[in-house]
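Below: one structure, written as structure tokens.
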Amino acid sequence: MFSLILCIFKPIMYSMKNIVVFNAVNLSKYAFEKLFDSKCAVKMSFEWAKSLFFCSEIVYFCDEKTETLLKNESFNDIEFRDLKFITDKFENWNIEKLFLELKSVSEGFDNIIYAFADSPFYDKNLTEELYKMHTKYYSEYCFADGYPAGIVPEIFCRDLPNILFSVCSDKNIYDKLLTRQAIFETLKTDINSFDIETLISDHDYRYLRFNFACNSKHNALLCKRAFDEYKKNAQEINPIEICKIAEKSERCLRILPAYYNIQIIGKNRKTIYLPETSSQLSNIKMSLKDFKTLIEKIADYSQEAVINISYMCEATEHEEFVDFVKTVLAKPHLSVLIETSGKNITDKMVSEIAQAVNNLTNSTDLKNISMEKIYWLVCLDAVSEQMYKKVNCDETQMTLAKATEAYEVLKKHFGNKVYPQFMRMNENEEELESFYRYWKSQNDGNLIVQKYDNYCGLLPNRKVADLSPIVRNPCWQLRREMHILANGKVTKCKECVESEIIGDAFSENLNDIFEKNIFFDVKENERCRNCDEYYTFNF
């Protein structure tokens, strides 16, 4: 019986006609840089597709600029009869467009292998394994789980795009941005209606958050460094071995800062969960001129990042607060985060910032950005006035009612970009459930419950529960964050508060500062041994 099934299955698998569809919409310049032994990511992904025994045709979805760049690449050794390009303006590519074009190009084919043209490390063997699973179980959609992004493509039957187009219509999500997760995110809206199979990795790489795609400076550096490390001892490309090497390489784990904590006012916000500022720093305010210079350096160095301008302070107290926000908004690939008690929030001020954000809505540069341009976190921390006063003991001018009113003002202008926040501690634990239930019903589920940090013993231990992982992972703070005080000084990490200065962000090269901040050996460093923040990840 078993051999009979195999005999039937093999001819079916080989007789199917399949198409590889590359998403090549708005490819980054890094996709065309020859980073891999004189080959670019586009060439690497093309060679992977060409090597698949079950692939009959390749088609590229792209915009006009990308099509020109693709055609300039050397595809002279192509063995396929046709290499098709489906081209439209970049701003026209959304979920509706994706499913319509997938439906159109798949006519006459049985299955679609969906991949991204800027991913250089697709694994041929894993792709074939996924395809065999897909055809064996007649699934509608098949994907791999536990591998880094850019190692295994998605495979689905030709009927799926038409079904998902209908799902989009029912859920009214036609015009959503065309993200890399577009297909699975659409499936998730009605996931029980689909026959899905999953290829699960023997080793879970998800905790690393690797994305092997040359779609940004950060990810292109990751791909380049992982490739170079691997090629020291190997000749032929083995994507899984590249993953293993990258997992253990500090140069791959630590690429660029992606989250910048910037203290624009030296005086800390008064609350029991933030440390006091020294008298020397508390009188300092960052100038707008210095901030603009800093943002220029960040945009040039990291290119994409989230900028928290309220690091341990009430940023709205700065007389040029609105201009600080606008400075970040002006950079297409930077987002701004404001964490506030609600103090100084007025409709006039919020309206001005909202107008600045709205002016960016039609910018082509923003169409492919996965992050929002602005985030607001309102520190409520309680459901009763008595508890609010207990947590915000020195904020005599603020009440929970005023903080909630500020939230409503922000919500009116920024919608789901505003989050009520609760700092979970022993002191207010009794109100957590009420806070959660109320705000989940009021705010479409958008709320934040923040973990308490005692700054390595600087503050009392108010932690309710130990959330640390069983196996310690390399510190996220040191891997991807930079902490800049109001005077421009950069601390080794957030837990240092004002100590262990490693550089000056105003006068020094940011890369030079970041390169100083190597991983601590937790066995040797007392601060790291006492740290409970190493596993927390911001954006």
Any side-chain heavy-atom pair of Leu102 and Val21 under 4.5 Å: yes
Pairs flagged by ring pair (Phe, Tyr, Trp, His ring centres under 6.0 Å) wherever residues 296-317 is involved - sequence neighbours left out: Tyr311-His483
Result of checking Trp48, Phe22, Phe116, Phe46 against Tyr122 for ring-ring contact (aromatic ring centres under 6.0 Å, His included): Trp48
Heavy-atom donor-acceptor pair, Glu101 side chain to Lys97 backbone, under 3.5 Å: no
Intermediate values then yes/no, salt bridge (Lys or Arg N to Asp or Glu O under 4.0 Å), Glu241 and Lys244: CA-CA 5 Å; Glu241 290 302 317; Lys244 291 177 180 178; 3.4 Å; yes
Residue that, paired with Ile484, satisfies side chain to side chain contact (heavy atoms under 4.5 Å, CB included) out of Thr491, Asn261, Leu294, Ile264: Leu294
Side chains of Cys243 and Tyr147 in contact at under 4.5 Å (non-hydrogen atoms): no
Minimum-distance pair of heavy atoms, taken over all atoms of Leu208 and Trp476: O-CH2, 3.5 Å
Tyr273 and Asp381 side chains, donor-acceptor separation under 3.5 Å: yes
Nearest-0.5 Å distance, CG of residue Leu360 to CG of residue Leu329: 6.0 Å
Side-chain touch Leu337/Tyr259, heavy atoms, less than 4.5 angstrom: yes
Side-chain touch Phe514/Val490, heavy atoms, less than 4.5 angstrom: no
Selection residues 215-254 - residue pairs positive for ring pair (Phe, Tyr, Trp, His ring centres under 6.0 Å), sequence neighbours left out: Phe36-Phe227
Donor-acceptor under 3.5 Å (Asn23 side chain, Val25 main chain): yes
Minimal non-hydrogen separation, Ala182 against Thr186, with atom names: O-OG1, 2.7 Å
pair Arg424-Lys451: side-chain heavy atoms closer than 4.5 Å: no
Main-chain N/O of Lys492 paired to Gln477 side chain as donor or acceptor, under 3.5 Å: no
Side-chain H-bond candidate by donor/acceptor type, Glu314 with Ser341, under 3.5 Å: yes
Derivation of the side-chain contact (heavy atoms from CB on, under 4.5 Å) call for Asp323 and Phe291: CA-CA 10 Å; Asp323 291 322; Phe291 183 74; over 6 Å; no
Residues Cys496, Arg527; criterion side-chain contact (heavy atoms from CB on, under 4.5 Å); working and verdict: CA-CA 8 Å; Cys496 297; Arg527 191 191 302 278; 3.7 Å; yes
Worked check of side-chain contact (heavy atoms from CB on, under 4.5 Å) between Ile353 and Val322: CA-CA 7 Å; Ile353 296 174; Val322 172; 4.1 Å; yes
Short side-chain donor-acceptor distance under 3.5 Å, Glu67 and Thr87: yes
Test item: side-chain donor near acceptor, Tyr534 and Asn473, under 3.5 Å: no
Evaluation steps, salt bridge (Lys or Arg N to Asp or Glu O under 4.0 Å), between Asp453 and Lys494: CA-CA 10 Å; Asp453 175 19; Lys494 183 180 75 169; 3.6 Å; yes
Ala299 backbone acceptor or donor facing Ser302 side chain under 3.5 Å: no
Residue pair Ile265 / Ala315: nearest heavy atoms and the distance that separates them: CD1-O, 4.2 Å
For Glu498, side-chain hydrogen bond (donor to acceptor under 3.5 Å, both in side chains) partners two or more places apart: Ser278
Under 3.5 Å: donor-acceptor pair, side chain of Lys224, backbone of Leu35: yes
Lys326 vs Glu352, salt bridge (Lys or Arg N to Asp or Glu O under 4.0 Å): CA-CA, chis, key distance, verdict: CA-CA 10 Å; Lys326 288 181 178 180; Glu352 186 176 350; 2.9 Å; yes
Heavy-atom closest contact (Pro420 atom, Asn446 atom, distance): CD-O, 3.3 Å
Within 45° cone of Phe537 ring axis and under 6.0 Å: Arg479 NZ or CZ: no
Spatial distance of atom CG (Asn92) from atom CG (Leu178) [nearest 0.5 Å]: 12.0 Å
Worked check of side-chain hydrogen bond (donor to acceptor under 3.5 Å, both in side chains) between Tyr60 and Thr66: CA-CA 10 Å; Tyr60 285 87; Thr66 303; over 6 Å; no
Contact check, side chains of Ile295 and Val328, non-hydrogen atoms, under 4.5 Å: yes
Heavy-atom neighbours of Gln280 CD exceed 12 at 6.0 Å: no
Minimum heavy-atom distance between Ala213 and Arg180, given as atom pair plus value: CB-NH1, 3.7 Å
Donor-acceptor pair, side chain of Thr327 and main chain of Lys292, under 3.5 angstrom: no
Check: Lys43 side chain, Ser38 main-chain N or O, donor-acceptor pair, under 3.5 Å: no
Candidate pair Ile183 and Phe99, rule side-chain contact (heavy atoms from CB on, under 4.5 Å), full reasoning: CA-CA 9 Å; Ile183 293 176; Phe99 292 139; 4.1 Å; yes
Minimum side-chain heavy-atom gap Arg251-Leu221 below 4.5 Å: no
Over 12 foreign heavy atoms within 6.0 Å of NZ, Lys39: no
Gln263 and Asn268 side chains, donor-acceptor separation under 3.5 Å: yes
Polar side chain donor-acceptor pair, Ser335 to Glu372, under 3.5 angstrom: no
Distance flag, aromatic centroids of Phe143 and Phe184, threshold under 6.0 Å: yes
Residue pair Arg480 / Phe539: nearest heavy atoms and the distance that separates them: NH2-O, 3.2 Å
Flag, side chain of Ser282 to backbone of Ser279, donor-acceptor distance under 3.5 Å: yes
Distance-only polar pair, side chains of Ser310 and Asn308, donor-acceptor under 3.5 Å: yes
Stepwise salt bridge (Lys or Arg N to Asp or Glu O under 4.0 Å) test for Lys65 and Asp63: CA-CA 6 Å; Lys65 178 182 177 182; Asp63 54 276; over 6 Å; no
Any donor-acceptor N or O pair under 3.5 Å, side chains Glu339, Tyr419: no
Enclosure of Lys411 NZ (heavy-atom neighbours >12, cutoff 6.0 Å): yes
Polar side-chain atom of Ser351 near backbone of Asp347 as donor-acceptor pair, under 3.5 Å: yes
Main-chain N/O of Ala505 paired with Lys297 side-chain donor or acceptor, under 3.5 Å: yes
Ile298 and Leu334, any side-chain heavy atoms less than 4.5 Å apart: yes
